[in-house]
Amino acid sequence: MTAPWAAGEDPKVYPIARSGDLVHIRQAIRALAQQSRLSLVDQTKMITAASELARNTLIYGGGGKVTAGLVSANGRRGVAAVFEDSGPGIPDVDQAMTDGWTSGGGLGLGLSGARRLVDDFRLDTAPGEGTTVSITKWAR
Amino acid sequence: MAKRDNAADLVGLLSVEGQDLAAAWVREVSASLGSRVGTAELDRELRELYDALVDALQQGATDVHAEQMSEVRALLTELSRNRARQGFSPTETAISVFALKRVLEPVLQEGSGDETRAYLELGRVLDGLGLFTIESYSQTRDEIITAQAEQLLELSTPVVRLWDGVIAVPLVGTLDSARTQVVMEKLLQALVDTGSEQAIIDITGVPAVDTQVAQHLLKTIVAARLMGAECTVSGISPQIAQTIVALGIEFDDIITKASLADALKLALRRSGVDLVAHEGVQR
Ligand SMILES: Nc1ncnc2c1ncn2[C@@H]1O[C@H](COP(=O)(O)OP(=O)(O)OP(=O)(O)O)[C@@H](O)[C@H]1O
Ligand SMILES: [Mg+2]
């Protein structure tokens, strides 16, 4: 995490175990994005980034969870989400972050695209140790 | 022959001379369900169940899975299914069984040691039956949910004919793999059925387009092309347009229009239809 969770508003944990869970996560992120007064464009970007990362957690990480909530720093408000799995990890991060590279049948744009959609992006992973991706979008 | 005695004890509990225990049972259940199940219906249901239970016990059944209980299980399944369909909760469903324990409780105060033992034994049987109702109840609920999900899948993806040779699918909500598969099949089938060469996919009602949705759209469009039809995607909101660009998805060789109206105009022009505004009519 780059910024602390906003005081008095605990983040919530959502499981990522089946594709139906992605719908709930998108809805939860939308509600948080509205609460922190993100513009419509930024709401859509944050929801889309969350959708990408949650699907990666499900498909490549073999499932996991996301912790999502409001964050605040220097008088600014934002939404943060931390996606965690204990799957195989990503052996070559540079390759995974390359536009168009996929080990499955995707477009290979989820990870690299998600980074462009948010303000803060952090990827922690090691082979055999799982993957954690943290993202934040700040209200302007 | 301990087993025979045992059966006789259990049956004895349920058939007390001069007492209509079944009626007491119906009253007890009726009190907890209120007027949502008709008394006559409840009376019929529970008396049938009561008779079947006494029969099964007489034949030596000692738990819910016993062969002699098959009639009881069938009746309980029917009862649970009805309750699930009528919108009762699992508790309200299982109470039909557990209330019988309440009805028999006086035996604990007035009865002999053997009768108390029989009560406990019967209690175990009834617990098993109660759990069985909950099982059947949730099975029915699952079936209902699955059926509804399937209906929704169908409902939410109508293919409409806008003009001779022009069809459209308005997409609403989230596009997962299952739904997209349905949309794609319906769209391609409609192209064949109507002999259309123009298809419009309207995504005004889609809240977010991520790589998966985009990939599904791209595949559908390619498949339509292979069938000699042209697809236009309409209803891309400014926020979705910006998100698609930031994600890096290339929609380059796909024709997009801001609104369904614009997409229709284009499709008509391509199929050789001219739209003419009459003189004197303000546009
Ligand atoms: N949580 C994860 N655990 C293990 N590997 C991952 C994880 N997330 C991503 N990867 C790897 O990184 C690659 C790139 O991910 P990215 O999301 O960019 O593309 P994709 O999922 O293959 O396609 P799409 O464009 O549909 O998202 C994946 O193909 C996968 O090999
Ligand atoms: Mg992905």
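A, B, ... follow the sequence lines: proteins, then strands. Residue 1 opens every chain.
- For B/Q242, the CD atom sits in a packed shell: over 12 heavy atoms of surrounding residues, nucleotides or ligands are nearer than 6.0 Å.
- Chosen from A/L107, A/I47, A/L40, the residue pairing most often with chain B at heavy-atom distances under 4.5 Å is A/L107.
- Of all the heavy atoms in B/V209 and A/T48, the pair that sits closest is O-CG2, 3.6 Å.
- Taken to the nearest 0.5 Å, the OG1 atom of B/T211 stands 5.5 Å off from the CZ atom of A/R55.
- Neither the backbone nor the side chain of A/A49 comes within less than 4.5 Å of any heavy atom in chain B.
- When heavy atoms are compared at a cutoff of 4.5 Å, B/P207 approaches chain A by way of both its backbone and its side chain.
- The shortest non-hydrogen separation linking A/A114 to B/L247 is N-CD2, 4.2 Å.
- Between the CG atom in A/L22 and the CD atom in B/Q212 there is a gap of 8.0 Å [rounded to 0.5 Å].
- At most 12 non-hydrogen atoms from other residues, nucleotides or ligands lie less than 6.0 angstrom from CZ of A/R37.
- Under a 3.5 Å cut-off, the side chain of B/Q239 and the backbone N or O of A/Q43 do not form any donor-acceptor pair.
- With a 6.0 Å radius and a threshold of 12 heavy atoms from other residues, nucleotides or ligands, B/E197 has its CD atom at or below the threshold.
- With rounding to the nearest 0.5 Å, the separation of CD1 in B/I249 from CG in A/D99 is 10.5 Å.
- Looking at A/R115, there are no atoms closer than 4.5 Å to chain B (heavy atoms on both sides), in backbone or side chain.
- Heavy-atom minimum distance, B/A246 versus A/K45: CB-CE, 4.5 Å.
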